[in-house]
Structures are given as structure tokens and as C-alpha cells.
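A quick write-up on the structure given underneath.
For the single chain, residues carry numbers from 1 onward in sequence order. Just so it is clear, the values below take in all heavy atoms, side chains as well, and ignore hydrogens, waters and symmetry mates.
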Amino acid sequence: DLRLSLRGEHQAQNAAVALASLEVLDALGIAASTEAIRRGLSATEWPGRLEEIGGSPTVVLDGAHNPSAAEALEQALEMLYPGRAAHFVFGILADKDHRAILRAFGSRAASFHLTPLPSPRSLAPDRYVEAARAVAPDVRIYGSPLEALDGARHSAGPDGLIVITGSLFLVGALRPHLCRSREVSLD
């Protein structure tokens, strides 16, 4: 009867690994109290991992930067936002498998808004635009993460779902802006 604060079925698997590790430590004489374990699992925060930023449209941040992380994100989106098409703000590093990551989102992608990343390792969007077009009907290229976010907002409309993914560099570039915008709208 543990409660996890992190969203997604894959986080239950991660919690199981953490609990197994604690059992090993307990056998070695390093014990954690049941209360500390419960508190830790229920209070853990991981910015940029299935993090929902409230507002209109709904924005989800997840730095899925490899195929297995993209598949886990796709499964979590289906569980959390069943049947909702997503407008992806996407940027990726040159050494990542962009084709497999983009394919993982194909079943729910209404649009991709491609952007370079604030990193010298960024893959230019024109290098993977055709791979994105193979899985989504609407693909656009922008000059910056903020421009791509604005484009996704326009495509999604007020009731839509925007998912910012492909790199933690992208999440890191947009998260502060989104958090400031949320604070301003709450005032």
C-alpha cells in the first residue's frame, strides 16, 4: 500500500528496484525505517520527467532521449491522457536515435514542432524533419525552443496537449519559462 509521487507505470518498476536495494542494505545492517521509505516514495520529485505544467493547453515535460524512454513516455501518456492527440515540441542531440524515438510517438502525434537545442551537440531539425513527417501529419521547424513552444500552443488550442521531449536540454530550456508563466497566471 505504498503511494508513489512519480507518474507512470515505469516508476513502479523503478520503485521496486529501490525497495530491493533497501532490502540488500538492510541485510548488511544499514536499515531505513518503514516510515522513511513511505515518505521518500510519496514525496520524490523529478522535474522534467512526466511533469505536468498546469494551464491551457496542458503541457507535459519529459526529457525522453532514447527509444526505451520514449516508449515509456508513450505508455504513460496513454494511461494519463487516454485518446488525446499530442503536439510535440521536439529537439534532439546528434548522437541519439531520433528515428526510433519519433516512431514511439507516432500513434498519438498530431504535430511535431522541431527545434534546435541549446547545445553544440544539437541535431539540426532539417536533418530529421523527414523522419518526423513519416509519423505525423503536421511537422514544422522553428529557430528556437520558445518559438516551437508558441507554434505548439497555436496548433494545440486551449484544450490540447503539448509534450516537450527528446532531450533534457530542451526541457531545461523551456521549464523555467513555463514555471514563470504559471506563476504569473496564478497571481
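Heavy-atom minimum distance, Ile92 versus Ile101: CD1-CD1, 3.6 Å. Contact between Val171 and Ile164 at its shortest, heavy atoms only, is CG2-O, 4.0 Å. In terms of heavy-atom proximity, Leu102 sits nearest to Ala132 at CD1-N, 3.8 Å. Across every non-hydrogen atom of Ser167 and Leu93, the tightest pair is OG-CG, 4.4 Å. Smallest separation of non-hydrogen atoms from Ser144 and Thr115: C-OG1, 2.9 Å. Closest approach of Ala85 and Leu161 over heavy atoms only: O-CB, 3.7 Å.
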Original post:
Going through the checks in order, is the side-chain contact (heavy atoms from CB on, under 4.5 Å) test met by Val163 and Val89?
Top reply: CA-CA 6 Å; Val163 179; Val89 176; over 6 Å; no
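Remark: Phe105 pairs with Phe88 by the ring pair (Phe, Tyr, Trp, His ring centres under 6.0 Å) rule, at least two apart or across chains. For Glu74, the side chain to side chain donor-acceptor pair (under 3.5 Å) partners are Ser107, Arg108, not counting sequence neighbours. With sequence neighbours excluded, the residues that form a ring pair (Phe, Tyr, Trp, His ring centres under 6.0 Å) with Tyr142 are His113. Residues satisfying the ring pair (Phe, Tyr, Trp, His ring centres under 6.0 Å) test with His87, not counting sequence neighbours, are none. By the salt bridge (Lys or Arg N to Asp or Glu O under 4.0 Å) test, Asp126 is found to be paired with no residue, residues two or more places apart in sequence or in another chain being considered.
Atoms CZ and CZ, from Arg180 and Arg175 in turn, are 11.5 Å apart once rounded to the nearest 0.5 Å. To the nearest 0.5 Å, atom CD1 of residue Ile30 and atom OG of residue Ser21 are 12.0 Å apart. In this structure, the separation between CD on Glu78 and CG on Leu73 is 12.0 Å, given to the nearest 0.5 Å.
At least one donor-acceptor pair under 3.5 Å links the side chain of Thr165 to the backbone N or O of Asp62. Remark: the backbone N or O of Pro158 is paired with a side-chain donor or acceptor of Ser56 at under 3.5 angstrom.
Sorted pairs that involve residues 55-75 and meet ring-ring contact (aromatic ring centres under 6.0 Å, His included), not counting sequence neighbours, are lacking altogether.
Annotation: side chain of Leu61 is not in contact with side chain of Leu170 (no heavy-atom distance under 4.5 Å). At least one side-chain heavy atom of Leu146 sits under 4.5 Å from a side-chain heavy atom of His177. Counting only heavy atoms from C-beta outward, the side chains of Pro125 and Pro116 approach each other to under 4.5 Å. With a 4.5 Å cut-off on side-chain heavy atoms, Ile162 and Thr58 do not count as touching.
For the ring-ring contact (aromatic ring centres under 6.0 Å, His included) criterion with His98, the lone passing option out of Tyr128, Phe90, Phe112 is Tyr128.
For Arg84, the CZ atom is densely surrounded, since the number of other residues' heavy atoms within 6.0 Å is greater than 12.
A salt bridge is defined here as a Lys NZ or Arg NE, NH1 or NH2 lying under 4.0 Å from an Asp or Glu carboxylate O, and Asp138 with Arg140 meets this definition.
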